[in-house]
Amino acid sequence: MSGPQQFLIIFLLTSLAIFAGLAFLTWRRRAASGGAVLALLLALLAAWSLTYSLEGYSASFNGKLFWFNLQFVWLIFIPPTWFIFILQYVRQQQWLRRLAVPLVVEAAGQLLLLLTSGSHRLLWSELYLEPSSSFLAFVRGPGHAVHTGYLYLLVLLAALLSTQAFIRFPRLFPTNTASYAVFGALTPWVLTIFAFVAAPSPVIKFAYFAYSLSALILAWGFFRFQPADILPAVYSLVFGSMDDAVIVLDERSRIVDLNPAGQRLLGRPAAELLGQSIDQVVAGQPEMLERYGQVKKIRTEIFVGDNYFDLHISPLYDQGGQLSGRVVVLRNVTERKRMETITQAALVRTGALYQVVQSLIGYENLPHLLQTLADTVASALPADRVTLITVDFAQKQVTHFIKGGPGFENVAYVSFEELMNGLAGWVLRELQPALSPKSEPDPRESLEVQRRRIETNCGAVLVVPVQYQGQLLGVLTGINRPDQPDFTLGDADLMLAMGNLAAMAIENVRLYEKEQQHLREVQATNEELNAYAYTVAHDLKNPLLAISGYAELLQLNGQDEAQQQYLRKIYQHALKMNEIIDALLLLARVRQQEVDVAPLLMDRVVSNAIQSLEALCAEHNPQITRPDDWPLALGYSPWVEQVWVNYLSNAIKYGGRPPVLELGASLQPEGQQLYFWLRDNGPGLSAEEQARVFEPFERLGQQGTRGHGLGLTIVRRIVENLGGQVGVESDGVQGSTFWFTLPATRNNEEE
């Protein structure tokens, strides 16, 4: 192998590495305009470099012929690939649709001629091995001449289209970009002509160098001054499969590119639109883009035909920072606007229903509630007049006739018969809403009602039933003036919901007023019973005192033993009845009396209670333990003393023998209540007994012990009136703890 031949093979292998590396780098930037096609072109040139070098290495003629034919395959596909990249590089893609068929047909024809070259001489009339090299040479045939002419046309057309684009849109393509594109497009043409004139035999070899040099020039321009300067890194994303219409304008507002959605919006193909002024394209449609012809940047909404569009105009700058054009993006937001309208309507209705619900709060009586409802419905619907009518079907009469709204003065009262002859009567019979437009008489109304409707300046009418749980209460009517619009089905739905709320409110008011009346009656009865109990107890107290006094006097007059025993029983029973009467009087006072609470000196209160039980303590000799210091609680001293008296007397009577009692107090965890307790050593209480111990007249099986069963009831009433609670704890075996709580003073809370 000669030195030049070795140098050529080394050059080809070096070219293989360069083209393969550039193809890889270009593929990584395939998102840029023309990146994917340039990567394919470089890959084909790398393949051509490989097969070209393998032809030189092959020792046999058949081996060289195989690699020679494979090189011709690359030569078939490299020119159209190169041409497509040039068109994308200079933004002339519209030509691809026009030339797609010729490109495919020519490539297919050449490939067919190559596959059948052994049976004809259309590609080359003679194929031989050059004596001075290890490569094959050939003499052109007519098919190859046609292919060569085809290549000339592609190169010439690429150069013309590139030059045209640079002349028409100079600001869109910087000078460096233009020079690389024109030089790269003309290089194959110049070298191919030179090869044809200077060396007519090995044209294929010069074509390799021509397209290789052109690809290197274009690749250099692509990486350094690629046309993606208009929209760096996002051009393919914008012009991909977006649903938004995208139109690219130069600095003179001429269309230089647009995507399919933009073509559909403008109603014309790109071939007819490119290069035209946007003002001419949208002439006669000022609502679209004309008004924004000179705006560099804006975002707004426009209405075109039956559609809403979000219009977004953004400026484009070249590498020198000069304005090179604008991008116009129009997004169809009709569906979004429709949903916004629906949502807004729903919000309006929700707000109206909220107003109706709010009107139900703070009513004074049923007429006041109905008036509030009528005024609220008139405002929320809106309507000129609103009537809310309730009826008594059994008596055939109108029970409430409420009118509201701005034009309420034009509403005249109607009787039950007149109501049933109009649209309201039809609604009451059919139990469904009625929409009556203003344009024509409604056959559901009597002639008299139709005449009165005209006289009272009525337009559209909407009537809905007011019913609650199957009970028909009346009708709710909305009326507009003749100059106002008709009511809609949406208004009917809203008013029906308001009618249901009104029915529920009316029924709730009736139940509430009925319950209030019942409470007033119960309160009056309780007051009468309290007065009766107080009067009876008070009137019984004086005779009982007289009986006990006389019994004591008779005992002193020296009666016999039997008489003395009877007199003692009379005296004891009189005292017991007096205790019951005192308890009843105290219970009545606790129920009715209002007292002022104050800090309690609990040690003094407990001492007074123990002192009042002196006789009981002398009889049972209890052991009582109590703390030296008591926390300050809020209460009423006489009442709290009575609480301790009842707890202590019960513990002494029912406790162990002898009674051992422990008193104490503590602050509850939340710090707002004080816990007071008394623990005894009695037999304990079961769970059932603990549940009943504070009920009136309960003595829990202690019938043999003195008492009347009202003491703990009085304790509960006193403590609850003072803001506390009572209770008992016991394991049911040994001992019980009776407790009560009272509000703590601020000092205790701070501690």
Side-chain angles (χ1 to χ4, degrees), residues 1-20 23 40-82 105-152 154 188 191-216:
M1 185 179 293
S2 63
Q5 184 178 353
Q6 291 179 349
F7 176 78
L8 176 60
I9 291 176
I10 293 173
F11 173 79
L12 292 173
L13 293 176
T14 304
S15 299
L16 169 63
I18 294 174
F19 287 135
L40 177 60
L41 175 62
L42 293 170
L44 290 172
L45 288 170
W48 196 354
S49 300
L50 177 62
T51 54
Y52 198 175
S53 61
L54 290 174
E55 179 191 351
Y57 269 115
S58 297
S60 64
F61 181 84
N62 289 335
K64 293 181 181 294
L65 180 61
F66 173 78
W67 296 116
F68 177 84
N69 288 333
L70 195 55
Q71 291 177 61
F72 201 83
V73 174
W74 311 138
L75 183 61
I76 292 173
F77 292 105
I78 284 175
T81 305
W82 171 88
V105 170
E106 202 282 334
Q110 289 295 320
L111 187 60
L112 179 62
L113 291 177
L114 177 63
L115 295 175
T116 60
S117 60
S119 60
H120 58 77
R121 295 187 177 184
L122 295 176
L123 286 180
W124 39 77
S125 59
E126 183 181 355
L127 192 64
Y128 57 92
L129 183 66
E130 287 188 325
S132 60
S133 68
S134 299
F135 297 94
L136 294 178
F138 64 93
V139 178
R140 299 182 190 87
H144 192 279
V146 173
H147 183 63
T148 303
Y150 161 75
L151 296 183
Y152 292 160
L154 283 186
L191 290 183
T192 304
I193 293 175
F194 172 78
F196 182 77
V197 174
S201 177
V203 174
I204 187 172
K205 314 304 180 184
F206 278 93
Y208 167 77
F209 291 108
Y211 283 107
S212 296
L213 181 58
S214 175
L216 290 174

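All values reported here derive from a predicted model rather than from experimental measurement.
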Results of side-chain hydrogen bond (donor to acceptor under 3.5 Å, both in side chains) for Thr51 - residues two or more places apart only: Trp74
Return the set of residues passing side-chain hydrogen bond (donor to acceptor under 3.5 Å, both in side chains) with Thr116 (not counting sequence neighbours), or none when no residue passes. His120
Starting at CG of Leu70, measure out to CG of Leu65 and round the result to the nearest 0.5 Å. 11.0 Å
Interatomic spacing from CD1 in Ile76 to CD in Gln71 - rounded to 0.5 Å: 12.5 Å
Leu114 and Asn69: which non-hydrogen atoms are nearest, and at how many Å? CD2-O, 3.5 Å
Distance from Phe19 atom CZ to Trp48 atom CH2, nearest 0.5 Å? 10.0 Å
Is there a donor-acceptor contact under 3.5 Å from the side chain of Ser125 to the main chain of Arg121? no
Is the shortest side-chain heavy-atom distance between Leu123 and Gln110 below 4.5 Å? yes
Side chain to side chain, Tyr150 and Pro80, heavy atoms closer than 4.5 Å: yes
Provide the closest heavy-atom pair for Glu55 versus Lys64 in the form atom of the first, atom of the second, distance. O-NZ, 3.0 Å
With rounding to the nearest 0.5 Å, note down the distance linking CG in Leu41 to OG1 in Thr81. 6.5 Å
What are the two closest heavy atoms between Ala46 and Leu16, and how far apart are they? O-CD1, 3.1 Å
When rounded to the nearest 0.5 Å, the distance separating CD1 of Ile18 from OG of Ser49 is 9.0 Å
Shortest non-hydrogen contact from Ala43 toward Ala23: N-CB, 3.9 Å
Nearest-0.5 Å distance, CG of residue Leu54 to CG of residue Leu13: 8.0 Å
Sequence neighbours excluded, the answer for ring-ring contact (aromatic ring centres under 6.0 Å, His included) partners of Trp124 is Phe68, Phe72, Phe138
